[in-house]
Engineer: 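Mind looking over this structure? Questions follow.
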Amino acid sequence: MAESFDRIWRNARLATLRGDLPDLGVVERGVIAMRDGRIVFAGNSSGFPIDADAPERIDCEGRWITPGLVDCHTHLVFGGNRAHEFELRLQGVSYEEIARAGGGIVSTVAATRAASEAELVAGALPRLDALIGEGATTIEIKSGYGLNTETEMRQLSAARAVSRSRPVSVRTTFLGAHALPPEANGNKDRYIDLVCREMLPAVARAGLADAVDAFMEGIAFSRDQTARVFSAAKALGLPVKLHADQLSNLGGAALASEFSALSADHLEHTDEAGVTAMARANAVAVLLPGAFYFIRETTKPPVELFRAYGVKMAIATDCNPGSSPLTSLLLAMNMGATLFRMTVAECLAGVTREGARALGILGETGTLEAGKRCDLAIWDIDRPAELIYRMGFNPLQSRVWMGR
């Protein structure tokens, strides 16, 4: 009896991104077969049953198929925008100066606190649609613009809600330790007490977060304060990740590694000790070239050290209103290549396999292999390098999420 599938894609070229295959894991004359939203077969047609049956058989006409794209670091849900701060930076005011003057994250906090959940969802959907339109099937969304229990939970609830409005998988991250709210009157320790004793337990009880993040920086929180947040998260069974070493080297990458973080993100100022710590902990380096570009940073993340020590590298948009209003993973890949000198294979792996690894869901998505969700991006391209080489051009032919 012929084996039966729900849908078959044939006559394709596959960039499987499988870890056991070299480079992009390319398979010529590729076939993908799906059943119940999962990949059952992804390989060369020579290994596929000739008599396989499916109600829908799609001829890809030689197109390339990659895993659906993964944006593993976004702040997609927020109120207002910060275009006026962009104007200030054009006049020579630094990101840090704007933050210390009451702008930056705190200005978005005011707009977010004033917005209802429905308004937050409505504002986020156009940004989400832009990412979906370029082949994204999994998005991470952080809170961090509430800085009080009620608004942080409303942000996370809105992040969950957008996944019910669109065919996309959303992972949520609690980022209460993002900045100091005005009502804290400069007392960072007291605010971290609030994060650990009230916010985190409330978020965990409600099941609103898949992970916990923090911003460890001179304009944000110290090593000790961040460690307190991570200890509280671990006690509640939540994995951690960290905004680390973006503007200075305070040892963020090393701290993230001490807590077995899924990832350390930004990393422009990470030193060799931080890289070796990440390698020991198998933490993913999430590179955010949009923020590097937008705030005109000059110190680049240590890509050569990451390669030398075998640290996996992901790329994400860091979509946020102040330092990376970017909603294009394709452009993020181009920036990773042109600004950080990442290879085509590193860039594409960074928004598929390594993005999934950074979210702790590599067992579910990020590569084309049997057992994983059938998350696909099908491209009108001659070679994968086109996805990184072009700017402002979207060659997506179709997108498949969980087989649909």
Engineer: Salt bridge between Glu369 and Arg38, side-chain N to carboxylate O under 4.0 Å?
Structural biologist: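 No, Glu369 and Arg38 are not salt-bridged.
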
Engineer: Taking all heavy atoms of Ile98 and all of Gly104, pick out the closest pair and write down the distance.
Structural biologist: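 So the minimum-distance heavy-atom pair works out to CG2-N, 3.6 Å.
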
Engineer: I'd like to check Val275 versus Thr270 (side-chain heavy atoms, cut-off strictly below 4.5 Å). Are they in contact?
Structural biologist: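 With C-beta onward as the side chain, the pair touches.
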
Engineer: Which pair of heavy atoms, one from Ser157 and one from Glu117, lies closest together, and at what distance?
Structural biologist: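 Ser157 and Glu117 have their closest heavy atoms at OG-OE1, 3.0 Å.
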
Engineer: With Arg89 as the cation and Phe86 as the aromatic partner, state whether NZ or CZ is under 6.0 Å from the six-membered ring centre and within 45° of the axis.
Structural biologist: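 Arg89 over Phe86 ring: no.
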
Engineer: Quick test of your reading of the model: are Arg357 and Glu354 salt-bridged, counting only N-O distances below 4.0 Å?
Structural biologist: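 Here Arg357 pairs with Glu354 in a salt bridge, since their nearest N and O are under 4.0 Å apart.
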
Engineer: Counting C-beta onward and ignoring hydrogens, is there a side-chain heavy-atom pair between Ser248 and Glu217 closer than 4.5 Å?
Structural biologist: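 Side chain of Ser248 against side chain of Glu217, heavy atoms only: contact under 4.5 Å found.
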
Engineer: If the plane angle is over 60° it's perpendicular, under 30° parallel, otherwise tilted; pick one for Phe78 and Tyr145.
Structural biologist: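 Answer is perpendicular, since the angle exceeds 60°.
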
Engineer: Less than 4.0 angstrom from a charged side-chain N to a carboxylate O is my criterion; do Lys142 and Asp213 meet it?
Structural biologist: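 Salt bridge between Lys142 and Asp213, a charged N being under 4.0 Å from a carboxylate O: yes.
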
Engineer: Kindly give the heavy-atom pair with the smallest separation between Ala33 and Ile8, and that separation in Å.
Structural biologist: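 Minimum heavy-atom contact is CB-CG1, 4.2 Å.
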
Engineer: Would you call Asp375 and Arg399 a salt bridge, using N to O less than 4.0 angstrom?
Structural biologist: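 Salt bridge absent between Asp375 and Arg399.
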
Engineer: For Glu258, is there an ion pair with Arg223 - N to carboxylate O distance below 4.0 angstrom?
Structural biologist: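 Yes, Arg223 and Glu258 are salt-bridged.
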
Engineer: State, yes or no, whether a side-chain contact exists between Phe174 and Val229 at a heavy-atom distance under 4.5 Å.
Structural biologist: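 A side-chain contact is absent here, since even the closest heavy-atom pair is not under 4.5 Å.
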
Engineer: Of all the heavy-atom pairs spanning Leu238 and Ala209, show the shortest one and how long it is.
Structural biologist: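 Heavy-atom minimum between the residues: CD2-O, 3.5 Å.
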
Engineer: Does the pair Asp265/Lys241 count as a salt bridge with the N-to-O cut at 4.0 Å?
Structural biologist: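 Looking at Lys241 together with Asp265, the answer is no, because their closest N to O distance does not fall below 4.0 Å.
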
Engineer: Using 4.0 Å as the upper bound for N to carboxylate O, is an ion pair formed by Glu28 and Arg13?
Structural biologist: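 Salt bridge: yes.
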
Engineer: Which heavy-atom pair separates Met278 from Ala253 by the least distance, and what is that distance?
Structural biologist: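 Nearest pair, atom of Met278 first, then Ala253: SD-CB, 3.8 Å.
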
Engineer: Please examine the side chains of His269 and Gln246, heavy atoms only from C-beta on, and report whether any two atoms are closer than 4.5 Å.
Structural biologist: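 Of all side-chain heavy-atom pairs linking His269 with Gln246, none is under 4.5 Å.
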
Engineer: Please say whether more than 12 non-hydrogen atoms of neighbouring residues, nucleotides or ligands are located less than 6.0 Å from CG in Asn187.
Structural biologist: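 Enclosed.
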
Engineer: Take atom CZ of Arg29 as the centre, draw a 6.0 Å sphere, and report whether it contains more than 12 heavy atoms from other residues, nucleotides or ligands.
Structural biologist: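 No - once you tally the heavy atoms of other residues, nucleotides and ligands closer than 6.0 Å, there are 12 at most.
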
Engineer: Tell me yes or no: between the side chains of His266 and Asp245, is some donor less than 3.5 Å from an acceptor?
Structural biologist: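 The answer is no; no qualifying pair exists.
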
Engineer: Would you name the heavy atoms of Thr173 and Leu156 that are closest together and state the gap between them?
Structural biologist: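 Scanning both residues completely, I find the closest heavy atoms to be O-CD2, 3.6 Å.
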
Engineer: Heavy atoms, side chains only, cut-off 4.5 Å: are Cys347 and Ile315 in contact?
Structural biologist: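 They are in contact (side-chain heavy atoms under 4.5 Å apart), so the answer is yes.
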
Engineer: Could Arg10 and Glu56 be called an ion pair, given the rule that one side-chain N must be under 4.0 Å from one carboxylate O?
Structural biologist: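 No salt bridge links Arg10 with Glu56.
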
Engineer: Is the Phe41 to Phe5 ring centre distance short of 6.0 Å?
Structural biologist: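 No: the rings miss the under 6.0 Å criterion.
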
Engineer: For the residue pair Ser4 and Arg35, confirm or rule out a side-chain donor-acceptor distance under 3.5 Å.
Structural biologist: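 The criterion, which ignores hydrogens and geometry beyond distance, is not satisfied for Arg35 and Ser4.
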
Engineer: Hey, are the side chains of Arg113 and Thr151 touching, using non-hydrogen atoms and a 4.5 Å cut-off?
Structural biologist: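 Sidechains of Thr151 and Arg113: in contact.
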
Engineer: Measuring from Asp6:CG to Asp53:CG, what's the distance to the nearest 0.5 Å?
Structural biologist: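 Answer rounded to 0.5 Å: 10.5 Å.
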
Engineer: Between Arg307 and Glu346, is there a salt bridge with N-O shorter than 4.0 Å?
Structural biologist: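 Yes, this pair counts.
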
Engineer: Hey, could you give me each pair passing ring pair (Phe, Tyr, Trp, His ring centres under 6.0 Å) that has a residue in residues 322-348? Not counting sequence neighbours.
Structural biologist: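 Every pair satisfying ring pair (Phe, Tyr, Trp, His ring centres under 6.0 Å) with a residue in residues 322-348: Phe292-Phe340.
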
